[in-house]
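Structure record follows, encoded as structure tokens.
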Amino acid sequence: VNRRDALRSALASIASAVTSVVTRNAKAEHAAPPKNKRRWGMVIDLDRCTGCGACAIACQEENNVPMLSTGYENRGAQIEWMSQLWVEPETEGGLPELLPFPCQHCLDAPCVKACPVGATFKDDEGLTVQNWERCIGCRYCMVACPYSRRSFNWDEPKFEGNLIQLLNPDVATRPRGVVEKCTFCSHRITAVKEQAAVESRPIRDAEVQHLTACASVCPGQAITFGDLNDEHSKVSEQAKSSRGYRLLEDLGTQPSVIYLKRDRSG
Amino acid sequence: MTDQPKDTPSSTPPPMGDDAATATRRDVLGAFGLAGAGMLAGGVIGHVVAGGLPERSGPATSVALKKPYVPGAEHFGSREEKWVATSCAQCTAGCGIRVRVVEGRAVRIDGNPANPINRGGIGPRGLAGLQALYDADRIPGPLVREGGNLVPIPWDRAIAMLVDKLGAARKEAPESLLVMSGRERGVVHDLWARFCQAFGTPNFVDGRPSRSSILAQATMATLGVFEVPTFDWSHAKSVLSLGAGLLEDSCQLVYLARSAADTRRGKFGERTRIVHAGPMFDLSANAADQWLRIHTGSSAPLALGIAHVLLRDKLADHSVETAPGFAAFAQMVSNGFSPAAVSEMTGLEPETIEELAHDLAERRPSFVYADERTFAFSNGWETALAVLSLNALLGAIGTLVHIQPQPPYAEWPATEVDEAARNAATKPRLDGAGTSAFELARAVHETLPDAITANPPHVLLLDYANPAYARKQPERWKQALAKVPFIVSFSPFRDESVETLAHLVLPDHTYLERWDDAAAAPSVGGAVAGIRRPVVAALFDTRSTGDVLVQVARALGGSIAKSFPWEDTRVALEARLRGLFEARRGSIIEAHERAFYDRMYAEGFWVDTDVPAVSLRPFVFRAEFTEAKWDGAEAEFPLKLIAYRPVGYAEGSGANLPWLRQLRVRPNSFRTTETVASIHPATVEGLENGDRLRVESPFGAIEVLARLDARMAKDTIAIPMGGGHEAFGRWAKGRGANVMRLLAPGPAAHTGANSLSTTRVRVKREVQS
């Protein structure tokens, strides 16, 4: 028996079993995580943000986000996890606002509801995660996401020349035909958890405050990450600010990303 | 291997085909994660394993299951991982970085939290450094031009060829060697300067004219120090940025970003107020408390208008009244720069100017910040003088505006100079720096095309210099440089000068592969000495330019060889760092010299915050002012062109780093590889966002896409630099347009700097077919 054939048949036979496991998990997690669990969240203080875009590049570097091949750059299929969003002012004569713009990791995530195969689901710590290999590429989630924070791989990821060497070995690349998105650097969260487990201690807030790639490089330290359910964490402290708001809050998506608006009153 | 049956287990590593199969399997297994692993242990997969997995993959529950599939990672063995501290070189800021290296591959750049310049932050340019290292179109080894094509040549023959040419040139006339370097400071910069001195040529032209030249000269004229001052953000209560590239192209981006953030969301009630007065809505305007749009090129009159109010209302620091030149300066501002007059020149209301002045005076300590973007107009020199004078009136000089102290480097032994070198050193410089026209300039670029055409040097060495692209009117540079019989480029990338001009190419390592120091542009108060070290083995058959220089000097023999007593750059670097070791102060103190260097290489930098301030002579006022002038008749060319470095403009333009092309640093911008110009919607009838524009100046024409911005002045168009490469690798070539083609050639008056914004243009909408 050819090994490849054997693998294939084996996969087919377990696929249905796994599907039921994953979808069951996904359904169970539609609701908000209970208060005694962690809820990972992010505060982006726009008054500290200078708009340099380091967050967007750090994200691509950390998460092996592919670039479009030369010659395809202008065709609008760029994959974006973190990018920069300009919002025009509502008042005449006002100034626009520049927002670092990752997945909002909604508690009630429209993308999760739309996914027909349970490829994207809420994990028990509030992350909207996605099993790349389960994705069938229907892109319903992209339509559902009110923030357009999902991108489709129209082609195999290409890393031309030696660019393949700078791939982060901790993050799988995504194949052609699947949707991908920001994970709040879940591989870094895993690493912190493992380290804490090795040292038999709880995770410290200080070690996650700038955990995600975008937060770790930010020159203005505008991005804070942490557990929103821990009332002593820096992120939940900042989230209480009177400058805080969430994007499209009226949709009821309950985003886990809180923006603190720029103070131009000075 | 090939004659083994395919499914036979083998103890030797499988060939590529099997390897790929392993990868696929890992991929698939990884997909199911631990949930799947339980089932795998059950019988279902059992017969697959029996079906002949290579032994090295081990049981299906091995740790490899958890590892994600990453192309290329199947070749990992030990996954040995380390973080290497070094310094960034993507701009002149000298930020400390930590590079994550997994099995010899650099996979991540992070800021070094301990470094006082960037304190853990790192800018977009710095992050993109990995794409420079792993660029697909780097030069793999030395090249020589044969029959019009560049073909590989071994290093020893390439160096022998260079030594030959240099020897012949020196015999004839040592001053016939011209060295153009993009560097402004640091150990390799100084090795070049030393080489030129020992060789006997006065013609060492460094990178200052394109960046720090004007402010350094103005500081020399007013304070007696040829250097860019530092600004103490942490103690300022009010800051006025005068059209500066503060949070965009500033060479201190990361430092300033953190400073601006910290001083505004630091302690309660101590928010530093930042006002940005500039002609366009850029990131500095976006981050400021208040943005004031001023007429293009009117920073100098605004500074003098504020000075007028300070003096009129007796708000200026009293100590300046006895300063040399103060009377003439005071007279100039009181006669010509009343708020009403300045309102005319800047477009601000007279009350706004009064308010600005009073705010700066009342919220002291305060300072006025400006940089090369402020000085990019024809009156850059006068603007720099006005800015420094205003800071003197605010009492900021010596309190908030300092000269950064230098680390106590050991001096190299004096350069050996023989008879020939002594004689040649008295010859005039080709670029005219230091002559009456450019009295304080140390180097000038824009005089060179004419000077070279009239009197071509025999040998031209290009170190981090790409005049065939990066200078104004690049065709003019190409024509002039074509007259030089022997040109050597040290670029690691196939840039325009390599492709069209160089006879010999001796590619440098990138900054992640070589020993170097990171002599930072002044930013923090203390003395900082950063180092760069190889974080990965050299990818190609390249060599550090400093090392090549030492080899060439030694091969030339005589006094030149004696001037280079070090084996390579690293030894020359340590000969300097010895001073830090011997000072026994700062962040690293060690009993043994070797231990000191080892710690420095491990930590990446040395810093001493407790150093006495550089003492400055009393401020000298100079009553000089001219309005910004523009090349091109206003009737024919109605728009003023601002050419500027965008955020993603790394050294060498950064156009070959695709990550940097994706930044959206302007509202209403769109993703494109074309060059995007900012323009007011009313400038051209019916213009829409993304329309193609033909931009013409008296000197050239380019095509760009329009980004409509109602916040732009109606008489101005702003075009970023860095597009329109004709070479420089697959990501850069043929993308966008080079704004340098539009710019009026020639140096700025008095300073010899490469003023970017002195040209008028007209635009026409191109109808798309």
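Chain naming here is simple, since letters A, B, ... match the order of the sequence lines and numbering starts at 1 in each.
For B:Asn286, the parts sitting under 4.5 Å from any heavy atom of chain A are the backbone and the side chain alike. Neither the backbone nor the side chain of B:Gln290 comes within contact range of chain A; no heavy atoms are under 4.5 Å apart. If you measure heavy-atom distances from B:Tyr255 to chain A, you find no contacts under 4.5 Å at all. Contact annotation for B:Ala288: only backbone heavy atoms (N, CA, C, O) come within less than 4.5 Å of a heavy atom of chain A. With a 4.5 angstrom heavy-atom cutoff, B:Val647 touches chain A only via side-chain atoms. B:Leu256 does not touch chain A: none of its heavy atoms, backbone or side chain, sits under 4.5 Å away.
Side chains of A:Asn168 and B:Arg108 form no contact here, defined as non-hydrogen atoms less than 4.5 Å apart. The shortest side-chain heavy-atom distance between A:Pro219 and B:Arg258 does not fall under the 4.5 Å cut-off. Looking only at side-chain heavy atoms (C-beta outward), B:Leu283 and A:Leu98 come within less than 4.5 Å of each other. Residues B:Arg125 and A:Ile57 are not in side-chain contact: their nearest non-hydrogen atoms beyond the backbone lie 4.5 Å or more apart. By the 4.5 Å heavy-atom criterion applied to side chains, A:Met67 and B:Gln131 are counted as neighbours. A 4.5 Å side-chain heavy-atom check between A:Asp47 and B:Arg271 finds at least one atom pair inside the cut-off. B:Asp110 is listed as a side-chain neighbour of A:Ser216, based on a closest heavy-atom distance under 4.5 Å. Looking only at side-chain heavy atoms (C-beta outward), A:Asp170 and B:Val107 stay at 4.5 Å or farther from each other.
With sequence neighbours excluded, no residue forms a salt bridge (charged side-chain N to carboxylate O under 4.0 Å, His left out) with B:Arg293.
Checked for salt-bridge contact, A:Glu62 and B:Arg100 miss the test: no charged N lies under 4.0 Å from a carboxylate O.
A salt bridge (Lys or Arg N to Asp or Glu O under 4.0 Å) check over residues 210-219 of chain A, counting only residues at least two apart or in different chains, returns nothing.
When all heavy atoms are compared, the tightest approach of B:Ala261 to A:Gly220 is CB-O, 3.5 Å. Between A:Glu88 and B:Pro667 the shortest heavy-atom distance is OE2-CB, 3.6 Å. Shortest non-hydrogen contact noted between B:Pro124 and A:Cys52 is CG-O, 3.2 Å.
Between chain A and the options B:Glu248, B:Arg119, B:Arg105, B:Glu81, heavy-atom pairs under 4.5 Å are most frequent for B:Arg105. Between chain B and the residues A:Pro96, A:Gly53, A:Gly161, the largest count of heavy-atom pairs under 4.5 Å involves A:Pro96.
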task = Would you sort out whether B:Arg671 and A:Glu80 count as a side-chain contact (heavy atoms from CB on, under 4.5 Å), showing the intermediate values?
result = CA-CA 12 Å; B:Arg671 192 183 286 284; A:Glu80 281 180 358; 2.5 Å; yes
task = Show your working on side-chain contact (heavy atoms from CB on, under 4.5 Å) between A:Val171 and B:Val70 and close with a plain yes or no.
result = CA-CA 7 Å; A:Val171 179; B:Val70 178; 5.7 Å; no
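Defined by atom type and a distance below 3.5 Å, a donor-acceptor pair is present between the side-chain atoms of A:Gln60 and B:Gln662. When only modelled atom types and interatomic distance are considered, A:Asn162 and B:Arg138 share no side-chain donor-acceptor pair under 3.5 Å.
Distance check, rounded to the nearest 0.5 Å: CG of B:Leu133 to CG of A:Leu166 gives 8.0 Å.
Formation of a donor-acceptor pair under 3.5 Å by the A:Trp86 side chain with backbone atoms of B:Arg664 is found in this model. Judged by distance alone, the side chain of A:Glu61 and the main-chain N or O of B:Ile109 form a donor-acceptor pair under 3.5 Å.
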